[in-house]
Protein chains: 2
Amino acid sequence: MAKIKSSKHSTRKDVIVEQAASLFREKGYTATSMRDLAEKVGVEAASLYNHISSKAEILQEICFTVATEFMSNIEQVELKPKNSLEKVEDILRFHIRMMINKYETVYVSDREWKHLNEPYLPNFQNQRRAYRQRFAAVIEEGIRNGEIKSIDAPTAVLIVLHAVSGIESWHRSKRKIPADQLEENMVLMLVGGLKK
Amino acid sequence: MAKIKSSKHSTRKDVIVEQAASLFREKGYTATSMRDLAEKVGVEAASLYNHISSKAEILQEICFTVATEFMSNIEQVELKPKNSLEKVEDILRFHIRMMINKYETVYVSDREWKHLNEPYLPNFQNQRRAYRQRFAAVIEEGIRNGEIKSIDAPTAVLIVLHAVSGIESWHRSKRKIPADQLEENMVLMLVGGLKK
DNA sequence: TAAAAATACTAACAACTGTTAGGAAAATAA
DNA sequence: TTATTTTCCTAACAGTTGTTAGTATTTTTA
């Protein structure tokens with residue numbers, strides 16, 4: 001009967017995780033029931049368990065996929081032959097584009113990770129902390145270089161990361177400015193706020 | 001028997017709402033059960049209903065108290081004989097201090113309002129939108145004055161508001177810089193990012 | 001101290017939660 | 001086509017949810 005659609009490049013599991021991300025973003029992880037998800041996917045709740053092992057697993061999938069993507073990006077940026085402020089801008093732009101293009105997953109990873117179970121929760125928190133420290137290190141380098149104004153680097157990281165998450169409001173707003181303008185405005189204000 | 005503590009200036013209801021805010025902040029509204037709350041308050045779940053009418057009412061209380069506080073602040077700031085950038089700074093500092101001192105309530109209002117019921121949800125959204133528009137108007141005035149760089153005002157508002165919500169990470173972090181330094185750093189970066 | 005009001009308790013409800021068992025139907029492989 | 005594997009279904013489970021009813025106990029008022 002009603003069968004989950006799947007193409008060559010997205011397994012049934014992928015479809016479930018994607019729809020789950022959409023619901024988790026909209027209602028939150030806890031407020032989303034497996035029956036909600038099943039309905040969205042077009043299937044009975046029990047059928048989901050042929051493709052995933054638990055609700056928790058879906059959240060893990062979302063959070064760690066996103067975390068890995070950000071981590072591998074910052075590693076690449078660190079290696080570039082650019083000065084620090086340019087690196088900061090590159091990282092920032094990556095965040096903005098991720099938040100624009102992979103809105104649901106990135107947002108869920110950011111807001112719902114608290115509901116991860118052991119041992120995934122501490123694991124995720126470690127990755128998160130490590131990422132922020134690397135980001136802060138780039139900023140500190142820029143301060144030493146004299147490119148970036150003297151500022152508490154962890155605070156600057158916190159500002160940038162949270163500011164970007166505001167793109168959620170942009171997505172939900174009726175009259176949106178174009179995505180590329182959003183990006184330029186954010187870079188203008190945030191990089192501008194760091195520049196000496 | 002075990003009775004809810006209450007002083008002259010905080011009713012039993014206030015105590016419940018305050019503890020609820022703490023739990024909602026920690027675990028989220030949906031993931032917090034009335035039995036969790038009862039335990040924290042030191043009472044059986046049913047007893048809570050002598051003071052509140054529903055779980056939903058607690059969230060309403062939190063969200064609208066905070067919203068009103070911000071709204072009345074911006075009204076005062078608008079009347080001050082200051083230039084636009086100074087007004088922006090005043091509003092920003094108020095947000096920062098609220099987020100530092102009334103952490104739990106402000107954070108919950110910001111993150112959990114989606115779980116408000118009709119007719120409170122649309123009501124809250126309207127207040128929120130109105131607030132942001134007033135904030136944006138101050139920025140636009142500053143752009144016309146030539147005090148603030150040419151930027152999309154709604155985007156700037158979005159950046160500022162979300163950046164401030166990052167103070168949650170500051171609260172949870174082990175080695176915090178002092179609150180006043182946090183404030184100065186945030187102002188330095190965000191107002192700096194707006195200044196022409 | 002007695003009466004009234006406020007606050008607590010226990011017990012229970014219906015609805016909903018994530019998940020499993022077992023079997024039917026559909027898709028794929030032989 | 002037939003055999004096998006994949007996917008779906010219905011039914012049910014044990015636990016949790018917010019909330020109410022009815023009653024006992026404590027606090028406040030008179």
Side-chain angles (χ1 to χ4, degrees), chain A residues 1-21 23-24 26-63 108 112 114-118 120-121, chain B residues 1-21 23-24 26-63 108 112 114-118 120-121:
Chain A
M1 297 204 176
K3 191 78 145 291
I4 298 176
K5 274 184 279 182
S6 71
S7 69
K8 274 255 173 63
H9 290 293
S10 73
T11 66
R12 286 160 171 76
K13 180 171 176 176
D14 291 337
V15 173
I16 290 172
V17 172
E18 187 191 318
Q19 303 282 26
L23 283 174
F24 292 171
E26 188 182 324
K27 317 172 49 161
Y29 174 76
T30 320
T32 301
S33 75
M34 293 303 277
R35 286 166 181 85
D36 290 337
L37 176 54
E39 190 182 15
K40 182 137 187 171
V41 168
V43 104
E44 291 300 315
S47 304
L48 297 170
Y49 289 85
N50 283 297
H51 308 283
I52 51 137
S53 68
S54 66
K55 187 186 178 186
E57 193 209 3
I58 301 178
L59 186 60
Q60 291 154 24
E61 201 90 23
I62 293 171
C63 291
V108 169
E112 306 291 335
K114 282 185 187 177
H115 301 107
L116 287 168
N117 294 327
E118 296 274 357
Y120 299 96
L121 178 57
Chain B
M1 300 204 173
K3 189 81 144 291
I4 299 176
K5 275 184 279 182
S6 70
S7 70
K8 275 252 174 64
H9 290 294
S10 73
T11 66
R12 286 158 171 76
K13 180 170 173 174
D14 291 338
V15 173
I16 291 172
V17 172
E18 187 191 319
Q19 302 283 26
L23 283 174
F24 292 171
E26 188 183 323
K27 317 171 50 163
Y29 174 76
T30 319
T32 301
S33 75
M34 293 304 276
R35 286 164 182 84
D36 291 337
L37 175 55
E39 191 181 15
K40 182 136 189 173
V41 168
V43 103
E44 290 300 316
S47 305
L48 297 171
Y49 288 85
N50 283 300
H51 308 282
I52 51 139
S53 68
S54 66
K55 186 186 179 187
E57 193 209 3
I58 301 178
L59 186 61
Q60 290 154 24
E61 203 89 25
I62 294 171
C63 290
V108 169
E112 305 291 335
K114 282 185 188 177
H115 300 106
L116 286 168
N117 294 328
E118 296 275 357
Y120 300 96
L121 178 57

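All values reported here derive from a predicted model rather than from experimental measurement. Each chain gets a letter, A, B and so on, in the order its sequence line appears, and its residues count up from 1.
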Could you list the residues that satisfy side chain to side chain contact (heavy atoms under 4.5 Å, CB included) with [X], not counting sequence neighbours?
X      : answer
A46(A) : none
N50(A) : none
A56(B) : Y29(B), S54(B), Q60(B), N117(B)

I need a per-nucleotide contact map over nucleotides 12-21 of chain C, read 5' to 3'. Cutoff is protein heavy atoms under 4.0 Å; write B for the base, S for backbone only, - otherwise. B----BBBBB
[X] [atom1] to [N] [atom2], straight-line distance once rounded to whole Å:
X      : N       : atom1 : atom2 : answer
I16(A) : dT7(D)  : CD1   : C1'   : 11 Å
K27(B) : dT16(D) : NZ    : P     : 12 Å
E44(B) : dT26(D) : CD    : C1'   : 16 Å
L37(A) : dC8(D)  : CG    : P     : 12 Å
E57(B) : dT20(D) : CD    : P     : 12 Å

Using salt bridge (Lys or Arg N to Asp or Glu O under 4.0 Å) as the criterion, list what pairs up with [X], not counting sequence neighbours.
X      : value
E44(A) : none
K40(A) : none
E61(B) : K13(B)

May I ask you to decide if R35(B)'s main-chain N or O and E39(B)'s side chain share a donor-acceptor pair within less than 3.5 Å? no
Heavy-atom donor-acceptor pair, S47(B) side chain to V43(B) backbone, under 3.5 Å: no
OP1 or OP2 of dT7(C) versus the side-chain N and O atoms of R12(B): is any pair under 4.0 Å? yes
For dC8(D), take OP1 and OP2 only and decide whether either is under 4.0 Å from a side-chain N or O of H51(A). yes
dA8(C) base / N50(B) side chain donor-acceptor hit below 3.5 Å: yes
Among all residues two or more places apart in sequence or in another chain, which pass the side chain to side chain donor-acceptor pair (under 3.5 Å) test with E112(B)? H115(B)
End axis versus end axis in the helix from dT1(C)-dA30(D) to dA30(C)-dT1(D), the angle rounded to 10°, five pairs used at each terminus: 20°
